[in-house]
Amino acid sequence: MQSRLDERFTAAREEGRSLLVGYLPAGYPTVDGGIAAMRAMVAAGVDVVEVGLPYSDPTMDGPVIQDAADAALRGGVTTADVLRTVEAVAATGAPTLVMTYWNPIDRYGPARFAADLAAAGGAGAITPDLPPEEAAPWLAASAEHGLDPVFLVAPSSSDARIRLVAGISRGFVYAASLMGVTGTRASVGTHAADLVARVRATTELPVAVGLGVSTGAQAAEVAGFADGVIVGSALVKVLVDAQRSGVGDAAALDGIGRLAAELAEGVRAPVPASA
Amino acid sequence: MSATPSAEAGAVRAQAENWQAFPDPAGHFGRFGGRFVPEALMAALDELTEAYDQARADEGFIAELDGLLATYAGRPTPLTDAHRLTEHVGGARILLKREDLAHTGSHKINNVLGQCLLTKRMGKTRVIAETGAGQHGVATATASALLGLDCVVYMGEEDTRRQALNVARMRLLGAEVVPVASGSRTLKDAINEAMRDWVATVEHTHYCIGSVMGPHPFPMMVRDFQRIIGVEARAQVLDRTGRLPDAVVACVGGGSNAMGIFHPFIPDTGVALIGCEAGGDGVATGRHAAAIAGGSSGVLHGMRTFLLQDEFGQTQVSHSISAGLDYPGIGPEHALLHETGRASYRVVDDAAAMAALALVARTEGILVAIESAHAFAGALDVARELGPDATVVVNCSGRGDKDVDTAARWFGLLDDAGAAVDVDPRG
């Protein structure tokens, strides 16, 4: 059976474009403020939403997402708030995934989390620090509730590990395009296209590229070789900067809308990959 | 986790006759351990596991490490008969394994010499480390200077203030010290920052983890490098007393000095292995660092273990007067030893540890690290419980020079301006 993500990727392929995947953390600046920002980015052209679950020890995140997660946790955001956010965003029709470190799901109980995520209308979860070797309980729970479990590959992954990761992923494979934490970069990195090609050699699944994409031009470049373009820190930074400068919620949402629209234009104008 | 913890513990206990079987090839100690890290680090962990497997079977590597331990670090460290402490507890013979006499003042040097040699063997030129009290950071800076490696040490901003002298020591040794201002600004956040560095620099950088924690192979490898403590202690006790001790006592934060002294005794089932967790203000207050007494199973820093967390799986901030024990988790092999009952863990709060520190200083002329003072406080109780015929080995894991300021303030020996005050620490 095709999942909502599968349908979206198929449709985008037919349109000759990539999907735009946007990440924002739940609970930042408030739970309702986060929901409003996610809805704004969907309205401006984001196809798939990653709802971040703020975590106390975000070892894979750079300063921007760390700051937002810290603030969300200080504001008292809970796993229940994350699920409420998923429900509100999924209601827009955009496939909505949770992006989370493993321990909050482990603590909640993988089976219970999968059930509640599915009930909220979630499409699946991205679990970057859950390796395939430890994933059996989550795979079982996801399968039972029709969720897509998404796992990551990295430039350092061997072909054998890419096969392993692609073999258990559903929806798409998340290609972390560079060796480093989340954050905006001046360039996307030369590894990205190579990595996508290596993933394609092992699986029919769509491949989405994340880490470092922040502008429409970068989105167009990545759209030239990947099925999906994932943007996180650049969007979060719009909210963080708005909080710091105190410009107000409306201006923050305008900023999210402008950046999402620029990125959406980028994924619709793929730059053919140079050979 | 399909099986219940107790059922699984029973199954694990059944195989426990062969403790060398732990961890399994994927780094599991029963249901604990493993590798919960981003995919980007998997290749480096595989490379490290392979390099370590080759090195530990290589006589050249072993000889080089043994040579450094003997001629540079000062091994073997002595076993000291603590006569006046023995008298104080009513007769139980108390023997001290003197890791405080190792170079840099604690057991940490054993592990860093091994890992820094391995770094060179892997062709890497830079090491990074986390540190709480500064002992592991100082040891890593020392080994890096000796072996010509670039060294960066991450230390919580809060800890750089608590341990300013150790920051200066590391810088004198040529290391770069990076104060970490994220999260709780203590050891766990220093580990987070070191992992962020590592994922971006892994091609030429080795992360020299300082305890029996983190993703596989670290808990196994650090244990193996620290086993020398227990190997020596076991032979020294047999030589000195003609029999095995009744109990071996050590303090536990991440748990490397405890794992090092416990491991060679694990097959000796008549020897009680007792770890002392940091109780801070007391477990009941919630302000403590006792992951076994006050924590639950979860995943942090690449491993499944016991940790302090809230109902949502967010790590809780730990509290201890000892910066070196101020960590919300514990090494996964300790979690297994606890769950199987092969080792037991008790809680020593700040006040009991500081009282022991003062007692040991006055009765034995040894100013121990506040971390080690937790082991002494536990050992005094154990010695009384076991009675006058017992022999108790205490791992004196570090010396207390770094803690003079904290201890002086605790006992009121310094006023707010840092001037000496003439009071009696016995209160």
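Just so you know, these numbers use all the heavy atoms, side chains as well, and skip hydrogens, waters and symmetry mates. Nothing here was measured: the structure is a model prediction, and the numbers come from that model.
If you measure heavy-atom distances from A:Asp70 to chain B, the contacts under 4.5 Å come from the side chain alone. Proximity to chain A (any heavy atom under 4.5 Å) is shown, for B:Asp197, by neither the backbone nor the side chain. Of the atoms belonging to A:Ser158, not a single heavy atom falls under 4.5 Å from chain B. Looking at B:Val317, there are no atoms closer than 4.5 Å to chain A (heavy atoms on both sides), in backbone or side chain. For chain B, no part of A:Asp67 is nearby; none of its heavy atoms comes within less than 4.5 Å. For A:Pro128, the part sitting under 4.5 Å from any heavy atom of chain B is the backbone (N, CA, C, O) and nothing else. For chain A, no part of B:Ala26 is nearby; none of its heavy atoms comes within less than 4.5 Å. Contact annotation for A:Pro54: only backbone heavy atoms (N, CA, C, O) come within less than 4.5 Å of a heavy atom of chain B. Of the atoms belonging to A:Ile105, not a single heavy atom falls under 4.5 Å from chain B.
Ranked by non-hydrogen atom pairs under 4.5 Å with chain A, the options B:Ser182, B:Ser296, B:Gly34 are led by B:Ser296. Contact count against chain A (heavy-atom pairs under 4.5 Å) is highest for B:Glu311 among B:Met195, B:Gln316, B:Glu311. Interface check for chain B: of the options A:Leu73, A:Leu130, A:Val165, the most heavy-atom pairs under 4.5 Å are formed by A:Leu73. For the set A:Asp57, A:Thr79, A:Leu53, the entry with the most heavy-atom pairs within less than 4.5 Å of chain B is A:Asp57.
In this structure the side chain of B:Asp326 never reaches within 4.5 angstrom of the side chain of B:Leu187, judged on heavy atoms. Using a 4.5 Å cut-off on side-chain heavy atoms (C-beta onward), A:Phe172 and A:Val199 make no contact.
In summary, the side chains of B:Thr186 and B:Glu158 do not present any donor paired with an acceptor at a separation below 3.5 Å, with no hydrogens or angles considered. Side-chain polar atoms of B:Thr119 and B:Gln115 form no donor-acceptor pair below 3.5 angstrom. In this structure, a donor-acceptor pair under 3.5 Å is present between the side chains of A:Glu134 and B:His28.
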**Q.** Candidate pair B:Phe312 and A:Tyr108, rule ring pair (Phe, Tyr, Trp, His ring centres under 6.0 Å), full reasoning
**A.** CA-CA 6 Å; B:Phe312 305 110; A:Tyr108 198 90; 8.3 Å; no
(Q) Between B:His301 and B:Tyr327, is the ring pair (Phe, Tyr, Trp, His ring centres under 6.0 Å) condition met? List the steps. (A) CA-CA 11 Å; B:His301 292 149; B:Tyr327 179 66; 5.8 Å; yes
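Contact check on B:Asp189 versus B:Arg185 returns no salt bridge, with no Lys/Arg side-chain nitrogen under 4.0 Å from an Asp/Glu carboxylate oxygen.
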